[in-house]
Amino acid sequence: MIEYIRGVLTDITPAMAVIETAGVGYALNISLNTFTAIQDKQEVKLFVDEAIVTGGRDDSITLYGFATKQERELYRHLISVSGVGANTARMILSSFTTAELCGAIANGDERSLKGVKGIGLRTAQRIIVDLKDKIANSDLAQDIPNQVASPADNIDKDVKDEAIAALTMLGFSPAPTAKVVVAIMQQQPGIPVEQVVKLALKQIK
């Protein structure tokens, strides 16, 4: 089993990196986040996940490379969800940073997940249900505390709850609504509830 590959970056596209080490060039499928992290480097180190297909006429090994262990761990969590394959997982990881993805899952933000090409509502909900506790109880919760922690405690809880309740009554889902409300209240401390609701209505999609 390959843990990581370190070597000279000889070729790179937004979807694939070729790393030469000991005279061998390894082609690794990558996300846009990893592409951004390594595109300007000459020597790189990518953590590896191997997808091995056997039993057919053409056995194959596909390598996936990640700039951080956190991204690889999230990838492995994603492909454990029914209906999420390697390419879909890579698409999700290309759409979010690891911190943003952990935050979306921890906060039940199905709207953001559903915005990824190829992810429907059911798959988004399944990702949240299957991975919310796993992420909260893994090293990801410690490595990215700002995303998996509860909303900031320095805002007026009564105003927040009242705004969320009002928006929920208007037909908006509580989880994404809460995220928008908290962001508004953090940017504008002391803002009255009616103003929070007005601003949230302009931001919630």
Side-chain angles (χ1 to χ4, degrees), residues 1-107 109 112-119 123-124 126-128 130-132 134-149:
M1 181 176 181
I2 301 173
E3 171 64 14
Y4 64 83
I5 295 176
R6 174 186 285 145
V8 178
L9 182 63
T10 61
D11 193 18
I12 188 169
T13 71
M16 180 172 288
V18 178
I19 300 176
E20 182 178 341
T21 181
V24 179
Y26 295 90
L28 301 100
N29 292 285
I30 59 174
S31 70
L32 286 177
N33 285 319
T34 291
F35 170 77
T36 300
I38 68 172
Q39 61 176 324
D40 296 323
K41 297 182 179 180
Q42 291 184 329
E43 185 171 324
V44 298
K45 174 183 178 180
L46 292 184
F47 297 93
V48 176
D49 187 85
E50 302 170 75
I52 303 174
V53 178
T54 61
R57 187 169 64 180
D58 298 316
D59 294 348
S60 66
I61 299 177
T62 303
L63 301 179
Y64 293 86
F66 307 91
T68 65
K69 283 187 175 182
Q70 290 94 335
E71 188 182 25
R72 182 177 65 180
E73 184 176 355
L74 271 174
Y75 169 82
R76 288 174 172 173
H77 280 316
L78 286 168
I79 62 174
S80 73
V81 177
S82 176
V84 179
N87 286 330
T88 300
R90 186 168 56 149
M91 182 74 72
I92 295 171
L93 290 170
S94 293
S95 303
F96 300 92
T97 64
T98 54
E100 289 169 346
L101 182 55
C102 284
I105 294 171
N107 293 319
D109 188 359
S112 291
L113 292 172
K114 198 175 66 169
V116 178
K117 183 179 179 181
I119 300 294
T123 302
R126 193 178 300 124
I127 290 171
I128 291 168
D130 287 2
L131 301 186
K132 189 171 185 177
K134 290 181 180 179
I135 287 175
N137 295 322
S138 72
D139 290 340
L140 290 167
Q142 300 173 6
D143 293 336
I144 333 174
N146 291 334
Q147 298 299 321
V148 296

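- In this structure, Glu50 has no salt bridge (charged side-chain N to carboxylate O under 4.0 Å, His left out) partners at least two apart in sequence or on a different chain.
- Residues Arg76 and Val48 come closest through the heavy atom pair NH2-O, 3.4 Å.
- Residues forming a side-chain hydrogen bond (donor to acceptor under 3.5 Å, both in side chains) with Ser112 (at least two apart in sequence, or on another chain): Asp109.
- The distance from the OH atom of Tyr4 to the CD1 atom of Ile19 is 12.0 Å, given to the nearest 0.5 Å.
- Evaluation of the side-chain hydrogen bond (donor to acceptor under 3.5 Å, both in side chains) test over residues 77-89, restricted to residues two or more places apart or in two chains, returns none.
- A distance of 9.0 Å separates CG of Leu78 from CG of Leu113, quoted to the nearest 0.5 Å.
- A distance of 8.5 Å separates CD1 in Ile92 from OG1 in Thr123, rounded to the nearest 0.5 Å.
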| field | Chi angles and distances behind the side-chain contact (heavy atoms from CB on, under 4.5 Å) call for Val18, Thr10 | value | CA-CA 6 Å; Val18 178; Thr10 61; 3.3 Å; yes

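- Judged as a salt bridge (Lys or Arg N to Asp or Glu O under 4.0 Å), the pairs with a partner in residues 1-17 (not counting sequence neighbours) are, in order, Glu3-Arg72.
- With rounding to the nearest 0.5 angstrom, the OG1 atom of Thr13 is 7.5 Å from the CZ atom of Phe35.
- Between Ile79 and Ala89, the closest heavy-atom pair is CG2-CB, 3.7 Å.
- Nearest heavy-atom pair, Met91 versus Lys117, reported as atom, atom and distance to 0.1 Å: CG-O, 3.9 Å.
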Pair up each side-chain donor or acceptor in residues 22-34 with any protein partner under 3.5 Å, not counting sequence neighbours, and list the distances.
{"unit_1": "Asn29", "atom_1": "OD1", "unit_2": "Arg90", "atom_2": "NH1", "d": "3.4"}
{"unit_1": "Asn29", "atom_1": "ND2", "unit_2": "Leu63", "atom_2": "O", "d": "3.4"}
{"unit_1": "Ser31", "atom_1": "OG", "unit_2": "Asn33", "atom_2": "N", "d": "3.4"}
{"unit_1": "Ser31", "atom_1": "OG", "unit_2": "Thr34", "atom_2": "N", "d": "3.3"}
{"unit_1": "Ser31", "atom_1": "OG", "unit_2": "Glu71", "atom_2": "OE2", "d": "2.4"}
{"unit_1": "Asn33", "atom_1": "ND2", "unit_2": "Leu93", "atom_2": "O", "d": "2.5"}
{"unit_1": "Asn33", "atom_1": "ND2", "unit_2": "Phe96", "atom_2": "O", "d": "2.5"}
{"unit_1": "Thr34", "atom_1": "OG1", "unit_2": "Ala67", "atom_2": "N", "d": "3.1"}
{"unit_1": "Thr34", "atom_1": "OG1", "unit_2": "Glu71", "atom_2": "OE1", "d": "2.6"}

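- Legend: salt bridge (Lys or Arg N to Asp or Glu O under 4.0 Å) pairs involving residues 16-45, not counting sequence neighbours: none detected.
- Here CG of Leu101 is found 5.0 Å from CG of Leu74. Values are rounded to the nearest 0.5 Å.
- Of the inter-residue distances, the one linking Tyr75 atom OH with Phe66 atom CZ reads 5.5 Å to the nearest 0.5 angstrom.
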